[in-house]
Amino acid sequence: MIRQIALIDQPVVRRRLKAVTKFDDSLKNLAQDLIDTMVFANGAGLAANQIGHDAQIFVTGIGPKPQIFINPKLKAISEKNDLLEEGCLSVPGYRGPVKRSKRVEITYDDLKGRRKKLLASGYLARVLQHEFDHLQGKLYLDRVSDPKLVEKVIPVRVVFFGSGEFAVPILISLVGLNWTFDFQTVAVVTQPSRPAGRERQVTPTPAYLAAQHFSLPVLTPQELGPDFRKELQNLKPNLIVLADYGKILPPWVLELPKYGALNIHPSLLPKYRGASPIQQTILNGETKSGATLIKMSQRVDAGEILGQYQMQLHGDETYTKLSEQIAQLGAILLRDLLPYYIAGDLKPAPQSSDQATPAPKIPSSLGLIESADSAQDIDRKVRALNPNPGVYTLFQGKRVKILQTHLEGGQLIIDKLQPESGKPMDWEDFKNGYPGFSLTGRGAKTV
């Protein structure tokens with residue numbers, strides 16, 4: 001669970017913490033809260049007193065996975081020191097130069113109380129020393145030789161454009177970067193509220209609701225015209241980040257911020273440019289997918305690539321499941337690469353037009369099961385096109401939606417259907433009420 005981070009003026013930050021004596025579930029929960037909060041806040045490490053706990057435990061986020069250090073003892077094993085700038089989540093908005101040993105030895109307990117030892121060098125050694133200081137009630141400010149060397153950070157002002165569910169994890173990742181004060185998300189631009197569901201109730205976008213949760217200002221322009229231009233200019237953005245917004249940005253929006261506009265796209269570009277990359281990934285039986293961070297250009301999804309994270313597919317992904325997975329991957333990609341992009345340490349790579357493949361908007365007609373469709377074709381359609389535009393067949397002149405299927409030995413198994421004007425039903429219940437229904441003869445058999 002993500003916890004509130006204690007700031008410098010709270011006494012717990014200056015407390016020398018007590019040793020851990022009970023290695024139980026409550027300790028595991030504390031460790032997980034530290035990890036969740038550290039990841040959300042884009043921190044390199046986090047100590048227990050930074051989330052209000054009096055216990056000698058801290059976590060680090062350096063390396064392939066977070067590490068947990070309980071009751072640590074630390075000693076320098078190098079006579080050489082490095083002088084580098086440090087910041088702290090409990091002292092947001094400031095940086096100062098700190099001298100640290102290049103190499104350290106740390107002994108510590110793991111979550112089961114087993115004593116371990118680790119030798120560390122470079123950046124990890126610095127993080128370990130920083131977090132160990134927290135357990136003693138010390139801050140990096142105590143190690144800055146001259147208070148005048150501590151500088152205030154001027155954050156990069158970010159405006160986020162997003163609307164759908166895919167946009168939410170990416171917005172949350174941006175908000176997490178606010179903790180360091182290197183970045184400040186100043187507003188969210190999203191599509192206007194629209195009627196949704198059977199009741200056609202006017203509903204705000206998922207991104208709007210997420211922005212409200214974080215008390216962010218929200219703009220919902222019908223058109224990206226002169227009035228909106230004034231509103232956006234007044235926000236003075238240094239950077240725009242876009243994910244699942246639903247409209248093409250005019251050139252003036254891309255040119256307004258100092259650092260341009262970035263987009264998280266749910267495919268391994270240049271493959272699947274367009275409105276339906278996730279659906280096309282499933283329809284075409286791809287074995288891998290991922291998220292791509294690009295610098296936006298006037299050609300849709302054709303901008304220079306700043307980075308990609310890849311994931312393997314198992315052949316049973318649904319649109320909803322894969323969209324959630326890629327959104328989370330995109331959130332991590334943005335969090336990891338954005339500081340390097342602002343620092344000018346990323347080298348954009350142009351996309352190869354020869355390898356580009358289109359992913360146009362899916363027409364509702366594609367959801368009709370054709371006589372030539374194989375069992376595999378139907379299963380892919382069902383996984384890719386639900387909930388929208390949906391997959392269906394006709395029976396006795398009425399539409400029957402195919403909601404869920406799977407394959408067994410190359411044979412199509414229908415799990416859930418929905419008759420026209422009816423409720424979703426399991427196959428057995430549907431078969432009893434509609435005994436003549438079958439997909440046999442359409443390249444598939446049902447059981």
Side-chain angles (χ1 to χ4, degrees), residues 2-3 5-6 12-13 15-91 96-144 176 179-180 332 335-336 339-340:
I2 297 170
R3 305 288 292 273
I5 294 178
V12 69
V13 174
R15 185 179 300 161
R16 186 180 180 92
L17 303 184
K18 296 177 183 177
V20 172
T21 57
K22 292 183 179 180
F23 294 81
D24 53 12
D25 287 342
S26 64
L27 182 64
K28 292 179 182 178
N29 293 336
L30 173 57
Q32 191 59 56
D33 288 353
L34 282 166
I35 291 170
D36 292 345
T37 307
M38 175 188 67
V39 171
F40 174 75
N42 199 41
L46 196 67
N49 54 349
Q50 290 182 276
I51 59 170
H53 281 263
D54 188 352
Q56 288 190 22
I57 173 174
F58 68 77
V59 298
T60 65
I62 310 302
K65 62 181 181 179
Q67 291 181 280
I68 302 165
F69 298 87
I70 304 167
N71 299 329
K73 302 294 181 184
L74 184 141
K75 66 177 181 179
I77 56 175
S78 172
E79 295 181 358
K80 294 182 178 180
N81 295 320
D82 276 331
L83 183 68
L84 293 174
E85 276 202 344
E86 290 188 16
C88 180
L89 295 174
S90 293
V91 193
V98 179
K99 188 179 291 186
R100 302 276 193 191
S101 175
K102 285 188 173 184
R103 298 182 69 228
V104 297
E105 176 187 282
I106 186 169
T107 56
Y108 63 97
D109 295 327
D110 65 11
L111 285 171
K112 294 183 178 180
R114 298 173 298 197
R115 202 66 181 166
K116 295 190 172 184
K117 181 189 291 186
L118 175 69
L119 299 178
S121 60
Y123 187 52
L124 177 57
R126 176 169 291 272
V127 172
L128 291 173
Q129 291 170 85
H130 179 109
E131 299 307 326
F132 183 79
D133 276 354
H134 272 298
L135 303 190
Q136 319 310 312
K138 295 180 179 179
L139 295 172
Y140 82 93
L141 296 174
D142 303 330
R143 296 187 179 275
V144 177
W179 278 109
T180 65
I332 296 170
R335 183 199 69 196
D336 289 352
Y340 295 99

Applying side-chain contact (heavy atoms from CB on, under 4.5 Å) to Val20 and Asp109, what does each step give before you reach the verdict? CA-CA 9 Å; Val20 172; Asp109 295 327; over 6 Å; no

Is there a donor-acceptor pair closer than 3.5 Å between any side-chain N or O of Arg335 and the backbone N or O of Gly176? no

Strictly distance-based, threshold 3.5 Å: is any side-chain N or O of Asn29 a donor or acceptor partner for the main-chain N or O of Gln32? no

Please assess Arg115 against Asp110 for the test side-chain contact (heavy atoms from CB on, under 4.5 Å), listing each intermediate value before the final yes or no. CA-CA 7 Å; Arg115 202 66 181 166; Asp110 65 11; over 6 Å; no

What is the distance from atom CD1 of Ile68 to atom CG of Leu30, rounded to the nearest 0.5 Å? 9.5 Å

Given 3.5 Å as the limit, does a donor-acceptor pair link the side chain of Asp54 with the main chain of Lys18, or not? yes

How close do Ala125 and Ser101 get, counting heavy atoms only, and between which atoms? CB-O, 4.2 Å

Any side-chain heavy-atom pair of Gln50 and Met38 under 4.5 Å: no

With side chain to side chain contact (heavy atoms under 4.5 Å, CB included) as the test, pick out the partner of Phe58 among Leu34, Ile70, Leu128, Leu46. Leu128

Nearest heavy atoms of Ala41 and Ile5, plus distance in Å: CB-CD1, 3.9 Å

Nearest-0.5 Å distance that lies between atom SG in Cys88 and atom CD in Glu131: 7.5 Å

Pair Val98, Val144 - check side-chain contact (heavy atoms from CB on, under 4.5 Å), show working. CA-CA 5 Å; Val98 179; Val144 177; 4.1 Å; yes

Within this structure, what is the CZ-CG distance for the pair Arg100 and Leu83, rounded to the nearest 0.5 Å? 11.0 Å

Please step through salt bridge (charged side-chain N to carboxylate O under 4.0 Å, His left out) for the pair Arg143 and Glu86, ending with a clear verdict. CA-CA 10 Å; Arg143 296 187 179 275; Glu86 290 188 16; over 6 Å; no

Nearest non-hydrogen partners of Leu17 and Ala55, listed with the distance: CD1-O, 3.2 Å

Shortest non-hydrogen contact from Leu119 to Arg103? CD1-NH2, 4.5 Å

Looking at Asn42, Asp36, Ile35, which hits side chain to side chain contact (heavy atoms under 4.5 Å, CB included) with Val39? Ile35

Please round to the nearest 0.5 Å and tell me the distance separating atom CD1 of Ile77 and atom CD1 of Ile106. 11.5 Å

Please tell me whether Gln129 and Asp133 have a donor and an acceptor in their side chains that are separated by less than 3.5 angstrom. no

Please give me the minimum heavy-atom distance between Leu139 and His134, naming the atom from each residue. CD2-CE1, 3.4 Å

Considering non-hydrogen atoms only, spot the tightest contact between Asn49 and Ala6 and give its length. O-CB, 3.9 Å

First locate atom OH of Tyr108, then atom CD of Gln56, and finally report the distance between them rounded to the nearest 0.5 Å. 15.5 Å

Approximate separation, where rounding is to 0.5 Å, of Arg16 CZ and Lys138 NZ: 8.0 Å

